[in-house]
Amino acid sequence: MTTGLEDVASEAAVTLRRFKLFRGLSSADCDTVIDTMRYRSVRSGEKLFLQGETGDTMLVVIDGILRVEVTDLDGNNATVGKVEAGEIVGEMAVVDPAPRSTSVVAATDCTLYELSRADLMALRRLAPSASAAIVGGVINDITRRLRNVNKRIDGELNPTAATRKQAMKISLTGSPQDESTGRFFGRIWDRMKGQ
């Protein structure tokens with residue numbers, strides 16, 4: 001007979017494979033990752049990360065919604081995003097344990113799995129391919145965010161050029177929102193962006 005926690009872990013392993021970061025893991029590696037992570041059930045309003053504090057963990061949201069907040073120099077809080085089931089937050093901390101850039105608060109009751117930097121190091125011994133996949137996924141995510149920030153900076157510094165680029169993209173792909181249509185001109189556009 002299985003315990004409730006074993007059922008939750010089994011469900012989490014299935015759910016975990018749906019996350020982009022864990023999608024390529026074998027069943028055995030996925031089970032090892034789940035066994036390494038810490039299960040957390042948190043209540044609405046609980047603070048999980050505080051801006052400015054050094055962090056070394058990431059959270060995998062199995063169920064619920066987290067709110068991402070930033071506090072300015074005057075102490076004013078602003079909600080800048082949300083993290084829902086199927087998403088991950090804090091992943092930079094398992095690669096670079098630097099001060100957190102935002103605070104994260106449970107907006108609803110949540111079911112989470114937590115992976116620390118030490119856990120990731122243990123995975124290097126227990127499941128090297130899983131560890132490599134996680135680190136690779138984190139690096140890809142950081143790279144994607146950096147590209148988005150660069151685009152925003154470019155748009156702020158040179159709004160006319162950004163408007164022209166967007167118009168060219170629409171003329172090539174036919175859609176301002178759908179960058180992954182797989183169309184010939186969409187692929188050309190992606191190659192042009194990479195230069």
Side-chain angles (χ1 to χ4, degrees), residues 15-25 29-30 32-34 36-38 40 47-62 64-72 78-107 110 112-158 162 165-166 169 177-180 186-187 189-195:
T15 302
L16 199 63
R17 286 187 197 94
R18 294 185 193 139
F19 286 72
K20 184 178 180 182
L21 191 60
F22 304 105
R23 199 171 289 150
L25 298 182
D29 280 351
C30 197
T32 302
V33 170
I34 287 292
T36 303
M37 296 174 112
R38 182 177 147 222
R40 292 187 64 183
K47 293 182 179 186
L48 303 167
F49 300 153
L50 293 176
Q51 181 179 334
E53 287 188 350
T54 300
D56 71 345
T57 61
M58 68 179 224
L59 299 172
V60 177
V61 183
I62 303 300
I65 301 171
L66 304 177
R67 187 174 59 247
V68 181
E69 300 176 344
V70 174
T71 304
D72 67 16
T79 299
V80 294
K82 64 182 178 177
V83 182
E84 299 179 314
E87 297 180 325
I88 295 168
V89 66
E91 64 273 20
M92 283 178 55
V94 297
V95 176
D96 178 30
R100 302 271 188 199
S101 58
T102 61
S103 295
V104 175
V105 180
C110 296
L112 312 165
Y113 270 90
E114 183 175 58
L115 182 74
S116 71
R117 185 173 170 83
D119 295 335
L120 188 59
M121 295 304 211
L123 279 174
R124 286 177 68 186
R125 290 185 316 278
L126 300 170
S129 58
S131 174
I134 292 169
V135 171
V138 168
I139 290 170
N140 286 339
D141 190 53
I142 292 168
T143 302
R144 180 188 52 79
R145 287 188 209 171
L146 185 57
R147 283 188 187 123
N148 289 340
V149 169
N150 284 339
K151 284 180 191 175
R152 287 176 53 198
I153 291 170
D154 187 40
E156 291 291 324
L157 295 177
N158 194 352
K165 284 180 187 177
Q166 183 65 18
K169 179 179 175 181
Q177 288 84 23
D178 189 3
E179 295 181 19
S180 60
R187 289 192 303 271
W189 175 252
D190 288 340
R191 287 188 185 136
M192 289 171 55
K193 288 191 305 187
Q195 295 179 351

Chemist: Enter the distance from L123:CG to T36:OG1 here, rounded to the nearest 0.5 Å.
Modeler: 4.0 Å
Chemist: Atom SG of C110 and atom CD1 of I62: how far apart are they, to the nearest 0.5 Å?
Modeler: 11.0 Å
Chemist: Just verifying a value: how many Å separate M37 CE and L112 CG, rounded to the nearest 0.5 Å?
Modeler: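 Reported to 0.5 Å precision, the distance equals 10.0 Å.
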Chemist: Taking the side chain as every heavy atom from C-beta outward, state whether V61 and E84 have any atom pair closer than 4.5 Å.
Modeler: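 Side-chain contact under 4.5 Å: no.
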Chemist: Is there a side-chain contact between L59 and V83 (heavy atoms, below 4.5 Å)?
Modeler: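 No, side chains not in contact.
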Chemist: Suppose we screen for salt bridge (Lys or Arg N to Asp or Glu O under 4.0 Å). Which residues come up paired with R40, at least two apart in sequence or across chains?
Modeler: E46, E114
Chemist: Between T143 and N140, do the side chains contain a donor N or O and an acceptor N or O under 3.5 Å apart?
Modeler: no
Chemist: Taking the side chain as everything from C-beta on, heavy atoms only, tell me whether T57 gets closer than 4.5 Å to F49.
Modeler: yes
Chemist: Atom CG of L115 and atom CD1 of I34: how far apart are they, to the nearest 0.5 Å?
Modeler: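 L115 CG to I34 CD1: 10.0 Å, rounded to 0.5 Å.
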Chemist: Applying side chain to side chain contact (heavy atoms under 4.5 Å, CB included), name anything that partners R144, two or more places apart in sequence or on another chain.
Modeler: D141, N148
Chemist: How long is the gap from CZ on R124 to CD1 on I134, to the nearest 0.5 Å?
Modeler: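 Separation between the atoms: 12.5 Å.
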Chemist: For the atom pair CD1 (I88) and CE (M58), what is the distance rounded to the nearest 0.5 Å?
Modeler: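 Between I88 CD1 and M58 CE, I get 4.5 Å after rounding to 0.5 Å.
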Chemist: Closer than 4.0 angstrom, basic N to acidic O: yes or no for K47 and E53?
Modeler: no
Chemist: Is a side-chain donor or acceptor of S131 paired with a backbone partner of A127 at a separation under 3.5 angstrom?
Modeler: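 No.
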Chemist: Is there a side chain to side chain contact (heavy atoms under 4.5 Å, CB included) between Q51 and V70 once you walk through the steps?
Modeler: CA-CA 7 Å; Q51 181 179 334; V70 174; 3.8 Å; yes
Chemist: Compare every heavy atom of P99 with every heavy atom of G52, then report the nearest pair and how far apart it is.
Modeler: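 Closest approach of G52 to P99, heavy atoms only: O-CB, 3.5 Å.
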Chemist: Would you say that N150 contacts L146 through its side chain, given a criterion of any heavy-atom pair below 4.5 Å between the two side chains?
Modeler: yes
Chemist: Please confirm whether the backbone N or O of V95 pairs with a side-chain atom of R117, one donor and one acceptor, at under 3.5 Å?
Modeler: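 The answer is yes, because a donor-acceptor pair under 3.5 Å joins these two groups.
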